[in-house]
Amino acid sequence: MASGRLGALMSDVLSLSIDLERCTGCKSCEAACKQANGLGPHSYRNRVLWFAAQNVDAAESTPQALLDFLTVTCQQCERPACLRACPVNPKAISKDPVTGVVAINEDRCTGCGECAISCPYGAIGYNAEHHHAVKCDLCAHRRAVGDGPACASVCPTQAIRFGRTEDHLVAAEAAGREVLDIDHFLQRPATVYLKRRADEGLDAAEHHERHGTQRIPALMLDDEVRGNLDRSALNLAYDAAARERVADAEVVRVPGGCPICFNGCPVVYELQGERLGHVYGNKEDPVFEGRICPKSQMTLQMHDAKERLRHPLKRVGARGEGRFERITWEQALDEIAARLGALREMHGADSLAIHSGSRTGTLTTQGCVPLFANLWGTDNVATTEPFCDLSKVVALEMTQGSVMMTNVYTPEDIGSAALYVYIGDNQAETRPVNFGLVNQWRMRNGARLVVVDPRATATAAKADDWLPIRPGTDMALGLAMIGHILDRDLHDAAFCEAWIEGFEAWRAFIRTQGYTPEWAAPITDLPAERIACLAEAIADADGAMLMLSRGVNQHTNAAQTHRVFMFLAAITGNWGRRGGGYFNVSSEPDVQAPQVPEARRPPRRPAICKNPAGWADAMLGEAAYPIRGLITGNNPLALWPDQNRMREAVSHLDLLVHLELYRNATSAFADYLLPMASGIEKGGTTRLAEDRRIVWNDKLIEPPGEARSDHWFWIELGKRCGFGDLLKEEYKDPRRLWDEVLCRASPTLRGATTRRLLQKANRSLRVPLADEEAPETDTLYLEGTTAFGQVPGKRFPTPSGKLEFHTPALVEHFATLGLSPLPEFYSEAASSMPLPYFVNEEERIVSPFFAVASQAVRGHIAPATQATGRDGMDVELVTGRPPAPHFHSWTHYFWQAQEMWPELYCQIHPRLADSLEIHDGDRVRITTRTGQIEARAWRYAGMRERAIFIPIGWDERQPFHPGPSINHLTQVRLDPISQQANLKLTMCRVENGRWQGKSNGRW
C-alpha cells in the first residue's frame, strides 16, 4: 500500500497525484499546460499517451486491459537525473530545497539536450523557437498567485490532483488504493500514480501479462505528420511577443459558456485589453467546479486564426472550384434577396431550403430562422437534429410528452445510481466532464458500469463489463432484456400499473413475439447468459441509468429502439426517480417556435423530408416539387451521407449561400460565402446543455474582419424581404432577441431571462422556469409532483398523465406508416447477417410524427430471408466521434487539436488486419456501394473482429491534415418514423496499402 513511501520524502514536497482509474486520455491537461505556459507546436511540458492492446482476444480480456492512458510529465525527482546531467555552469536546472520542484532556467539553457536524454521518464521537451529545454515546474507562475498547476485545475475526470506528496499517499491509503511503483531508476520520484482498480493486487508479472500487448498507436508517434504545424498559427495565449505587447492592458475575467458541444461547460474568459488571453473553467460552478475539456480551451485558437473568413465572397468560377471575389455585405444581401425572389416566382417559396447547424447558435436555430422561414413560406427547414438525435426527440414526445430529460448531473440524482449502462454512448470522449462526474460517483459509491458498443471505447476502458454488440441490433438486446424481465416477473409491478398506459398490451406483445435472450444471442452476437445477466442487473439495481446516444440514434430503427429502452427503464421503475432513468444527450427544453400572425404565413406544401439528406431528390428534380435554393450554416458536403450524390444534387441548385467561420468542403460549391462570428464574438447561447442548462455568453470581443453573427444575417435578409416588422433591427442585440422572442415563445424558458442569467456566477440556469421568480428545477416527474405546465396531480405531460406505450392515437399514427405501435424488431437492410429490415413503398404520405407537415413513406418490415445482399462487402463500418480534442469539423482548424490527433484513422482488429497484411500505421482503402476513401490504420484488439471504426469530422479542404469525409461511404437510409439517417452501420470492403511516414520514437 501507500505507506511504504511515507517519511521517505520531505513533508513539504509538492507533486501531482495521477489516478489511472480516472484518466480517460482526453488531453485537457495538455491543452491547459500549453495555454498557461505559452507553448506552441512541438513543445510540451506534459503529454498524454494512449496504449492500445494489439494482439489479445478481446472476448477473453477485461475491458481495462484493452486501452490505457498515461500522463507523462516531470516526476519532480528527489535525485533528478536532468539536474545531474546539465553541463551548464552555473546549471540551468535547479531543485527547490523546500518544495522539491525541479525547474529550468530558460535563460541559461543552451538547448544541448543532455537533460532530455538523461530523463528516464521522457518528461523533458524542447522549445525550438528559443532553443531551450522545457519541463513541468508545477506552473510556478500560477502557484505564485495562489493557483495550482493548470492541468489539475481543468482535469475533467479529477484524475490529476495537486498537493503535497505525503498528503497524496495518505489519501491513497485511506481510500484503499495502491500506488504504482515507477521508481525503476532510483530517482525517487515525487509524483504519485494510482493503479487501475483492476490491477490492484497484481504482481509485476501479472501486470505485464495483462498490459504487455499494449502499444502506442503509430499515428500518435509519427512526428512527420505534425511537421506542418508552425508558430504562424499562434495567437495571444501561445505567443510571448504578443503577450508582451499587451502586458500593460487591464486583465478582465468574465464568466460564460463553451460554445462548442452539448456539455455547455461554464468557463471564464480572461481578456487582456480587447483580446482574449485565456479560457479556463469556472470554479464557481457548483457541479463542474472548473473542470473543462480540451475543446473549451482550444477555442482560443479560433478567434483570430488566419484561416477565418473575414469578408463576404461571391463565386466567380464553376461550382466546386473554390474561386471567389470579395464583395460588400450590402451587395451580397441585395443579390441574395433578389435571387430568392426569382426562385419564389418560378418555383414557389418552398423551393428554398434552410439548414442551420448548431454552430449558428440557439438564437438563430430557434429564433430567426423559424421566423424567416414562416414569413417566407417554406417548411424545408432543418437543424442538425436529423443527423444527431431526432429519433430520440420523437420517441420522447410519444412516450413522455416532453423532450426534457428527467435526470440531472447532481450527486443526489445521476450520482446516486447503482448501475450505469452505456449503450452506443462513448461519453468519456464526447462529454469528458460529465463522464468524469459519473466515473467519480461510480468509484465513490461502488456502482457498476457496463458498456454496450461494437468497440472498446475510452468509456468501455473504465467499465466492469463490455458487450461488443453487432452494430444495428441494440433493439434486439433491449427487447430480449424486457422479455426476460417480464418472464421472470422482475418488473416494478406497482409502477407499471399506476404509471404506464398500455402496459398489458406491451406485456402480451412481448410474450407472443418470443423475445428472449436465446432469440437475441445470434442476432446481437452476444451470449444469452450475458444478456440475461444485464437484464437482471437493471431490474435489481437501486437506480439504473440507461445512457444512450448517437450509436443508437443514427439507425433506421432508431425511434423504435429508443422506445424499447424507454420501456425498459419504465418497467423497472427507473423513470421519474433520482438515480435511475433513460438519458440521451442533449436535453431540449420543449422550445417552441416564435409565432407569426396567420395572415403573414404564406401557404406551403409539406416539407420534402425532415432530414436534409432527403432533399437531394428535390434538388435533382425527382420529388413532388423542386428545391432550387439552399442557405446553410454548417458543412453539408462533409456531414450529409452519400457525398457523391449530395455533391451532384448541390451542383444543380440555382442558389447556395454558405454561412461559415472557415472555408470547408461546402464553401467551394457556394454562390456566396459569408463570414460568421462565433461564441463570444456575437453573444447568446450556442447550445442547450445536456441536463437542461442554459449557459449565456455576452459579446466580449469583435469578430475578425467583417464577420457578423448568424442572427444578424437573417435580420438583414429579412428586412430586404419585407419582414423587418418581425425580424426587428433591435433583435441584433442578443439579449433582446433571447428575452423578447425565444423566452416569450417557450413557456419553459420564460424565467431564464438574461437578467437572471447574468446574476449567476456561472451564467447558467436549469429549466424549466415559468417566470423569473421560479426556483431552478432538479429531477423531473418525481412521484407526487406535477409536470411543468400541467394541471395539479398530472405527473407526466402526456394526454393520460402516464408514460404512454400503447394508445389509440399511437395505433393510428403508426398505421399511417404501415407499422405497429409496439416495437417489432428490425435492423438495417445491409448487415453482417440477414436481419429483418424496413422496406419503403412508393406511396408518400404526410408524417403524423412532426408538428410541421413533412412528407414520409409507407412501408413494411421485410423478413430476414428477404434481406439485401452484401455485394461483396463483408466488413462492418462503424462511424462516430474522434477523441475528445475534436468536435465535428471546426476543431480541425485548431492547430493544437491537429497536433493531438492529426489524421483520419481506421481502427481495425489485429486478426482482420493480419488477414489483409495491414500493419499499424499503414494506409488502408475502404470501399462501399457509394464511394471509397483512404485512412491510417490503427490496429486495436478492442474491436469486433469483422468491424472497423472511422471517425467523422474530416474533409478535403481543412488546413492542416485534409482528409476525405467518412460520408463518402455512408448511404441515405432513413428511419421511417423520425427520418433520422443511418450513419452508424455500412457494409464495406477493406484493402491494404502502405504508409511512408517515419517516427523518431519520441513522444
Within 45° cone and under 6.0 Å: Lys802 NZ/CZ vs Phe796 ring:
no
Going by distance alone, is a donor N or O of one side chain under 3.5 Å from an acceptor N or O of the other, for [X] and [Y]?
| X | Y | value |
| --- | --- | --- |
| Gln971 | Arg929 | no |
| Asn553 | His562 | yes |
| Glu501 | His806 | no |
| Glu828 | Tyr837 | no |
| Glu429 | Asn426 | yes |
| Thr777 | Arg692 | yes |
| Asn584 | Asp389 | no |

Parallel under 30°, tilted from 30 to 60°, perpendicular over 60°: which one fits the rings of Trp506 and Phe509?
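Rings of Trp506 and Phe509: parallel, under 30°.
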Parallel, tilted or perpendicular: which describes the rings of Tyr409 and Trp441, with under 30° parallel and over 60° perpendicular?
parallel
Asn407 pairs by side-chain hydrogen bond (donor to acceptor under 3.5 Å, both in side chains) with which of Thr779, Asp691, Asp413?
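When Thr779, Asp691, Asp413 are each tested with Asn407, the side-chain hydrogen bond (donor to acceptor under 3.5 Å, both in side chains) holds only for Asp413.
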Identify, with sequence neighbours excluded, every residue that meets salt bridge (Lys or Arg N to Asp or Glu O under 4.0 Å) alongside Arg578.
none
For residues 565-577, please give each side-chain donor-acceptor pair under 3.5 Å, one per line with the distance, not counting sequence neighbours.
| from | atom 1 | to | atom 2 | distance (Å) |
| --- | --- | --- | --- | --- |
| Thr572 | OG1 | Leu568 | O | 2.8 |
| Thr572 | OG1 | Ala569 | O | 3.1 |
| Thr572 | OG1 | Asn574 | ND2 | 2.9 |
| Asn574 | OD1 | Ala544 | N | 2.9 |
| Trp575 | NE1 | Gln400 | OE1 | 3.1 |
| Arg577 | NH2 | Asp542 | OD1 | 3.3 |

Nearest heavy-atom approach of Ala607 to Asp379 is CB-O, 3.3 Å
Give the minimum heavy-atom separation between Gln592 and Pro747, together with the two atoms involved.
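Scanning both residues completely, I find the closest heavy atoms to be NE2-CD, 3.7 Å.
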Distance-only check: which donor-acceptor pairs under 3.5 Å involve side-chain atoms of residues 476-494, not counting sequence neighbours?
| from | atom 1 | to | atom 2 | distance (Å) |
| --- | --- | --- | --- | --- |
| His484 | NE2 | Glu536 | OE2 | 2.8 |
| Asp492 | OD1 | Ala494 | N | 3.4 |
| Asp492 | OD1 | Phe495 | N | 3.1 |

Donor-acceptor contact present, side-chain Glu804 to main-chain Ser800, <3.5 Å
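Looks like yes, one N/O pair under 3.5 Å.
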